[in-house]
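To keep things clear, I will list the structure first and then write my remarks on it.
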There are 2 protein chains.
Amino acid sequence: MAYEELKLEHQLCFKIYALHRELMAAYRPLLDELGVTYPQYITLLYLWEYEEATVGQLCNALGLDTGTVSPLLKRMEVNGLVAKRRLVSDERTVMVSLTERGKALEEEARSIPSHMASCLFGDDETGARSLASVLDQTIRQLVETRKQ
Amino acid sequence: MAYEELKLEHQLCFKIYALHRELMAAYRPLLDELGVTYPQYITLLYLWEYEEATVGQLCNALGLDTGTVSPLLKRMEVNGLVAKRRLVSDERTVMVSLTERGKALEEEARSIPSHMASCLFGDDETGARSLASVLDQTIRQLVETRKQ
DNA sequence: CTCTGTTACATTGTACACAACATAATGCCC
DNA sequence: GGGCATTATGTTGTGTACAATGTAACAGAG
C-alpha cells in the first residue's frame, strides 16, 4: 500500500548502497591475504603513489574525516605498515610514510585490480568505462549540490 | 613511482566507495528531520511496502546480516518506530511491524525521493536511468561471481 | 520419545564513519 | 610579546557492517 515512489526497488540510493557492500565483500578475501581492510588498502594505494602524506592530505584524498583516518593509521602503525613523525617545521603536522613491510605489499597487490575488474564486468570491457563515467558524473553532481 | 594499475584515480572501486559516502552525506540532513539513519530509512521503506516482516526477510531484502539488523531493530524499537513479537507458530521467528509513529513517517518521507533525484542528476532525466541500469548490471555480475 | 542436525535470531569483537568536542601549535594583530 | 583566531590532529559517542559464536526452538530419523 506504499506510495510508488517509496518502494525499495525504485531507489537508486539502495542500488548504490548494495553495490558498495557487494564490492567490499568481493575485495575482502583478496585483502585478507594482505592483512588489510578496504580503507587501509586505499590508504596504501595513495602512499604507494606519493611515498608519504600528511594526515590532512590523506583525509582530503580519500574523502574521509580525521575521526576515521586517525585511528585507522594507528592500527596500520601497530601492524607495521606505516610510520608517523611530526614535522620539525610544524609540530602540529603528522607525516605518514610506508615501512619496508608497507612497501613490500605493493608487489602482492599488483594482481588485485585486474582480478576485481573481472569480478565487476566479466569480459565486458566497455562496461567498466561506462560505469566509471556515470559514477564520475554523479559524484560531481552530488558534490556540486552539497556546496550550495 | 607506483604501478599504473594501482593508482587511486584509476580505481573504480574507489569511485563507488566515494559515491556511497557522498550519497549518505546527501541523505543525512533529510533523514535527520525524520530522526532516522539511512539503514533505518530503507528498513522503513520495506515495512511501508509490506506492512510487516520477519527479521530474516529484512536481512534478505536489505542484504544485511543479522549482526547488523538485530541491533538496528532494537534501536528502532527504542525510538518507537517498530514493534516486535514472536510468532506463536514458531517461537524462533520474530515479526517486525510498524507502530503508528512508524507509519506516520511515511507522509513526511514522500518528498525525499524526488529531492534526492535532483541532488543526483540535476535536470538530467536520462542520467538516472543509465546509472540504474549500469548499477543493476554490475551488481548482477558481482553476485554471479561471488556464488562460484 | 530422544537424539541430532538445522533454523532464526541475538551477542561479541573488530573496524569503519562521522559529528562534536578537545588540544596543542601556529600566525597575526596590535 | 601577549592575546586570539586558525589550523592539524586526536578523542568520544553513536551507529553501522560483518565474522564468529551462542542459544533456544524446531524437525526429522530411529
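Fair warning: this is a prediction, and the values are worked out from it, not measured in the lab. Chain letters run A, B, ... following the sequence lines, proteins first and then strands; every chain starts at 1.
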Approximate separation, where rounding is to 0.5 Å, of A/S111 OG and A/M116 CE: 11.5 Å

Those residues of residues 11-31 of chain A lying under 4.0 Å from DNA chain C by at least one heavy atom: none

Ion pair A/E4/A/K7, N-O distance below 4.0 Å: yes

Do any N or O atoms of the protein come closer than 3.5 Å to N or O atoms of nucleotides 13-15 of chain D, and which pairs are they?
none

Below 4.0 Å: OP1/OP2 of C/dA15 and any side-chain N or O of A/K74: no

Annotated protein contacts, base or backbone, on nucleotides 1-9 of chain D with a non-hydrogen cut-off under 4.0 Å, one of B, S, - each: ------BSB

Ion pair check, A/K103 and A/E100, cut-off under 4.0 Å: yes

5' precedence on DNA chain C between B/K84 and A/G63 (nearest-nucleotide basis): B/K84

Backbone N/O of B/T68 and side chain of B/D65: donor-acceptor pair under 3.5 Å: yes

Listing, residues 28-45 of chain A side-chain donor-acceptor contacts under 3.5 Å, not counting sequence neighbours, or none:
from	atom 1	to	atom 2	distance (Å)
A/T37	OG1	A/Q40	N	3.4
A/Y38	OH	B/F14	N	3.4
A/T43	OG1	A/P39	O	2.8

Nearest-Å distance for atom pair CG/P, residues B/D65 and C/dA8: 15 Å

Polar side-chain atom of A/T99 near backbone of A/L81 as donor-acceptor pair, under 3.5 Å: yes

Residue list, salt bridge (charged side-chain N to carboxylate O under 4.0 Å, His left out) with A/E5, at least two apart or on another chain: B/R110

Cluster check B/W48, A/Y3: I/L/V/M/F/W/Y, side chain < 4.5 angstrom: yes

Nearest-Å distance for atom pair CG/C1', residues A/L58 and C/dC18: 17 Å

Residues clustering with B/V78 (ILVMFWY side chains joined when closer than 4.5 Å, directly or via others): none

Backbone of B/R92 reached by a side-chain donor or acceptor of B/R86 within 3.5 Å: yes

A/D32 CG - C/dA15 P separation (whole Å): 12 Å

Expected output: side-chain B/S70 to main-chain B/G67 donor-acceptor under 3.5 Å: no

